[in-house]
Amino acid sequence: MAATRVEVNIPGEAPYDVRIGDEVLDGIGAWCQRTAALAYAPQVLVISDENVAPLYLARAKASLERAGFKVPDIVVPAGESSKSVEVVSELWEAMAALGLTRDCAVLALGGGVVGDLAGFAASTFMRGITVVQAPTTLLAMVDSSVGGKTGINLEAGKNLVGTFCQPSYVCASTDCLATLSEREWRCGCAEVAKSAVVDSDDFFFWLAENAPALMARDTEVATQAIARCVVFKADVVAQDKTESCGVRECLNYGHTLAHAIEKLSGYGTFSHGAAVAEGMRFAAALAHELVGASLDFVNAQADLLDALGLPRLPWTADPAAALDAMKRDKKARAGQVRFVLLRDVGDWEICEVDDDVILAQLQAWNASAPKEA
Ligand code: GLY
């Protein structure tokens, strides 16, 4: 199957390609050579993590070296803890020691953590050098590698420091998905479901029909799902690059409760995607009450999530603690919790929801939670 190319065109930014396909990682060097921003880069520094590097680092480096680049690499520990000031500081020092100059580039090879961390290090080093993203998880391919958000965590919360920095090229090599665990796969499927529900009937019904094939990791369906997500996200980001005019916030559908679940249950207890799916269900219940979403919509979304192996979570929390976590999220404004609510597929709005409504809904949510298996 030939690779699929999606061009991302964001006003004020150089357009860039997202190439999606089997083994496109082996051609990354040639494509970097054809990319104006790094065609003459003396060095391309590959940043990866301890899980991904043994699997794919040699392939990425070989392709870049064949294209004539000098290719040093840095491998960081796997996991969210690498998105720290300490690790980014080590990266900056290493980049300086390697003699990286402003015409050099960084290749982020890995999942969302590596993409965010390497993107942040590159976008701040010497006031910003070129970034290429080579996502290796479904979640990173369908969401985090496109659109230019980078970031690291603070004690006070996730992604509290970051930049907007569009990559110059995104290489989504679908063969890398073969090594994902079932949990990681479903995690990515949740972001696919989010994109479909927020985007359009066309995407939603296509996904509902193809959910079994996506769950079976059918290559053609996975490639189409990634491409549809990228097209959707590129369109949203083109309208609101820095999440400052109320459009990009739609990508946070399901995330208001999800962030509270992740924080209260301890990061890693549930995958990010499982928490997002729960947040989508919760938001749909709120939307039924507040903005007239029909039960047909609520149930159709629930059926889609079930079909993608994302059932209701055995999660309950003290409603006051969950509300407090939502208020501390960086998306809250002046102490008001904001939800992306959908009246129907593709028909969304941002709503500030009163505390007492949220508390009542959380109480009902607790009461209907499935028991732990
Ligand atoms: N992942 C949401 C965004 O990129 O805005």
Side-chain angles (χ1 to χ4, degrees), residues 6 8-13 16 18 80 83 108 110-120 122-123 131 133 135-153 157-168 170 172 184 187-199 203 225-263 267 271-280 283 326 329-333 338-342 348-350:
V6 178
V8 181
N9 257 303
I10 297 169
E13 301 283 341
Y16 58 93
V18 180
E80 197 67 33
K83 280 177 60 175
V113 166
V114 167
D116 283 1
L117 170 70
F120 181 68
S123 70
V131 185
Q133 293 279 351
T136 57
T137 63
L138 184 59
L139 178 85
M141 289 184 194
V142 300
D143 186 30
S144 57
S145 65
V146 174
K149 276 190 181 174
T150 79
I152 56 170
N153 305 328
K158 278 178 81 171
N159 295 324
L160 288 187
V161 177
T163 56
F164 288 102
C165 169
Q166 299 300 325
S168 294
V170 180
E184 281 286 325
C187 177
C189 286
E191 293 285 355
V192 178
K194 175 207 79 178
S195 302
V197 176
V198 177
D199 182 32
F203 192 175
I226 296 162
R228 280 176 179 262
C229 287
V230 171
V231 168
F232 161 68
K233 183 158 184 183
D235 179 51
V236 169
V237 176
Q239 295 172 61
D240 185 7
K241 184 171 65 173
T242 54
E243 202 168 308
S244 50
C245 57
V247 178
R248 190 167 179 159
E249 277 180 272
C250 73
L251 301 175
N252 299 325
Y253 181 50
H255 286 62
T256 308
L257 182 68
H259 289 156
I261 292 174
E262 289 183 276
K263 188 169 180 180
Y267 291 103
S271 76
H272 176 65
V276 167
E278 187 80 357
M280 289 168 63
M326 289 187 218
D329 197 83
K330 66 181 183 303
K331 312 284 190 226
R333 299 275 187 284
R338 291 150 65 84
F339 283 85
V340 180
L341 297 184
L342 272 71
W348 59 270
E349 64 178 289
I350 308 290

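When a ligand or atom number is given, it counts from 1 through the structure's own listing order. Every value quoted in this text rests on a predicted model; they were computed, and no experiment measured them.
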State whether the side chain of [X] and the backbone N or O of [Y] hold a donor-acceptor pair below 3.5 Å, judged by distance alone.
{"X": "D329", "Y": "A332", "answer": "no"}
{"X": "S145", "Y": "A140", "answer": "yes"}
{"X": "N159", "Y": "N153", "answer": "no"}

> Is it true that D143 and K233 make a salt bridge, defined as a side-chain N closer than 4.0 Å to a carboxylate O?
Replying inline: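 The answer is yes: the pair qualifies as a salt bridge.
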> Going by an N to O cut-off under 4.0 Å, is there a salt bridge joining E249 and K331?
Replying inline: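 Result for this pair is no, no salt bridge flagged.
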> How would you list, by chain and number, every residue that makes a side-chain contact (heavy atoms from CB on, under 4.5 Å) with T136, sequence neighbours excluded?
Replying inline: V52, Y56, L109, C176
> How would you list, by chain and number, the residues with a heavy atom under 4.0 angstrom from ligand 1?
Replying inline: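 Under the 4.0 Å cut-off, ligand 1 touches D143, K149, K233, E243, R248, L251.
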